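Quick caveat, the model's predicted, so the values are computed rather than measured. Note on naming: letters A, B, ... go to the chains in the order of the sequence lines (proteins, then strands), and numbering restarts at 1 for each one.
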2 protein chains.
Amino acid sequence: MDIRQLQYLVALDELRHFGEAANRCHVTQPALSMRLRQLEDELGLTLVRRGHRFVGFTEEGERILAWARAVLAAHDGLHAEASVCRGQLVGTLRVGMVPLAGFEPIPLLQAFAAEHADVRFELKSLSSEQILAGLDTNRLDVGFAYADGRHERKYQLFEVAETTMGLLFNRHRWRFGRPALDWMDLESLPLGILSKGMHFRQSVDHALQSAGVALKPLVETDSVEFLVQSVSAGLCCAVMPLGSGLEQRDEALELLPIADSHTLAPLCLATRRGDPVSALAEAFQQFVRERVSPDQG
Amino acid sequence: MDIRQLQYLVALDELRHFGEAANRCHVTQPALSMRLRQLEDELGLTLVRRGHRFVGFTEEGERILAWARAVLAAHDGLHAEASVCRGQLVGTLRVGMVPLAGFEPIPLLQAFAAEHADVRFELKSLSSEQILAGLDTNRLDVGFAYADGRHERKYQLFEVAETTMGLLFNRHRWRFGRPALDWMDLESLPLGILSKGMHFRQSVDHALQSAGVALKPLVETDSVEFLVQSVSAGLCCAVMPLGSGLEQRDEALELLPIADSHTLAPLCLATRRGDPVSALAEAFQQFVRERVSPDQG
DNA sequence: CCGGCATGGATATCCGGCAGTTACAGTACC
DNA sequence: GGTACTGTAACTGCCGGATATCCATGCCGG
């Protein structure tokens, strides 16, 4: 069995196409096909459901796939470790982050990239559950996700911020004259909100529910862009996280904190536990620890 | 980079000899030497300190070695998983166990082997610390060790027995007429004990200390064999774990429990946490769970 | 102090196998 | 029938391994 074969397998899983997978692996399609069939022979299993085109993996294929990812993760870790030993950090750091978390990781990535010229990023916008699952299955190296002590057994966590809600509104249409609002204030306002199923919507629902406020949205959209534009136009207000910088998109926008709104689990930088530890993830975590102290993220 | 190269590296670490390592890998010594040098070139590092003979690994070599073990562990896991998919369990289960734990894992291994003809065992007698470290570094798959909630974050634990101490003595020389003894009873008796540094000695010391009993050993030996023979001859008594079957070695031997002696951490079956989970270790753990209920191990 | 021998690893050369390529065939779907 | 996608076939070049040899050190007796 060979590392290459496992790479082929994973590539096929991700692209679901023999030719494309072969491309990504920089080989021709017959080579990939043959090597995969060879792998199946060696293992004595059928991994791929074959039709006139790629159909999917068998049950066994999926299980082998999980191990293949584990092997490749360790393989990548070895190379990253070697890079560190050579005094350089290279490789691709796969970062997952929850959108609208009231915490902007991009500057962190920028600063990290500035110190380590050869590091590349693969940034994915995911829900907390997807991030933690991605860490499990070796699809991510680090993630910014909502997590708490419950998860500490499986993941290394470092709290980077508490999410505090605020109200985003058009300063020309509304004026409150107070530094902070109350959930009750929202009841009389036309609210815009993200569609059900989006992660931040769940956060807002949760916050509203614990505050005992009923929701009567005027606008419901699956696009943050549309929502901000609606607020900007003065059509409605919207609950948004503080610290997201949304209010700077338009001079008409203002973002006031809402009292008692940090009822969510804190936002944490999560990494896999395990020995040995990924050098890249380790370095990034260390970097974040030095840069971020909780409560000021 | 190739799996084989990593196998060579690990073999060299374990045997500390190029020729021997090559033997274990079923290749000739030049092949191993060249492939290792090639690996060093690829990584751009010096892994092995070379002299006229094998000296040791460099600092970087040690770190790479840890990753190599991780890769190989995942690699083995993949093959084990494949075996399971084929409906058979094959491979080598590396088991660590603390000696004199008052729990006999051998029958378990026998029963497991009876159900899975193609499973081999690699059994090592180690201290609890060594076992947990061995799980970390992929040198062991499962282990019977003293552990408690403190370790639950890193290891999957299943309590198989509480270690209860007993007094092993010659029934012809001593007679107590009670079903259980007290720590105080030991103060007037000539005691035999294992040398300092052996794991069970620490357990005994710990138990005696918490019972407030001072220790005046008559016999001190680093051999369990000698100790049992001393007791058998009537020279001394010895604190031993219940359930070890020691009393059956000689009809003159008797083993009486000591009240309040289960002050140790419980003996647990420990396995690595991680995704994916080793099929062999998983099956064994499941097997043990079905066979063993705590308090009757 | 020195020559011979054993040990252990590096080097040189040859060879066979296999991964990958190119070209082509088969098959479902439009 | 054309297109898109995968499997098959023959060829080729690379590379990993074996065998033979060399080199350095350490140990020994004389």
More than 12 heavy atoms from other groups under 6.0 Å of CZ on A:Arg86: yes
Side-chain N or O of B:His17 closer than 4.0 Å to phosphate OP1/OP2 of C:dT7: no
A:His116 and A:Phe112 aromatic ring geometry - parallel, tilted or perpendicular at 30°/60° bounds: tilted
Sole residue of B:Asp141, B:Thr271, B:Leu269 in side chain to side chain contact (heavy atoms under 4.5 Å, CB included) with B:Phe284: B:Leu269
A:Gln38 and A:Arg35 side chains, donor-acceptor separation under 3.5 Å: yes
Phosphate contact (C:dG9 OP1 or OP2) by B:Arg50 side-chain N/O below 4.0 Å: no
Positional range of nucleotides in DNA chain D within the contact set of chain A, heavy-atom, under 4.0 Å: D:dC5 to D:dT8
Check: A:Phe57 ring centre within less than 6.0 Å of A:Phe54 ring centre: yes
Contact pattern, 5' to 3', of nucleotides 18-30 of chain C - B, S or - by protein heavy atom under 4.0 Å: -SBBBB----SS-
Salt-bridge contact B:Arg139-B:Glu14 (side-chain N to carboxylate O under 4.0 Å): no
Main-chain N/O of B:Val48 paired to B:Glu40 side chain as donor or acceptor, under 3.5 Å: yes
Passing candidate, side-chain hydrogen bond (donor to acceptor under 3.5 Å, both in side chains) with A:Gln156, options A:Arg272, A:His151, A:Arg273: A:Arg273
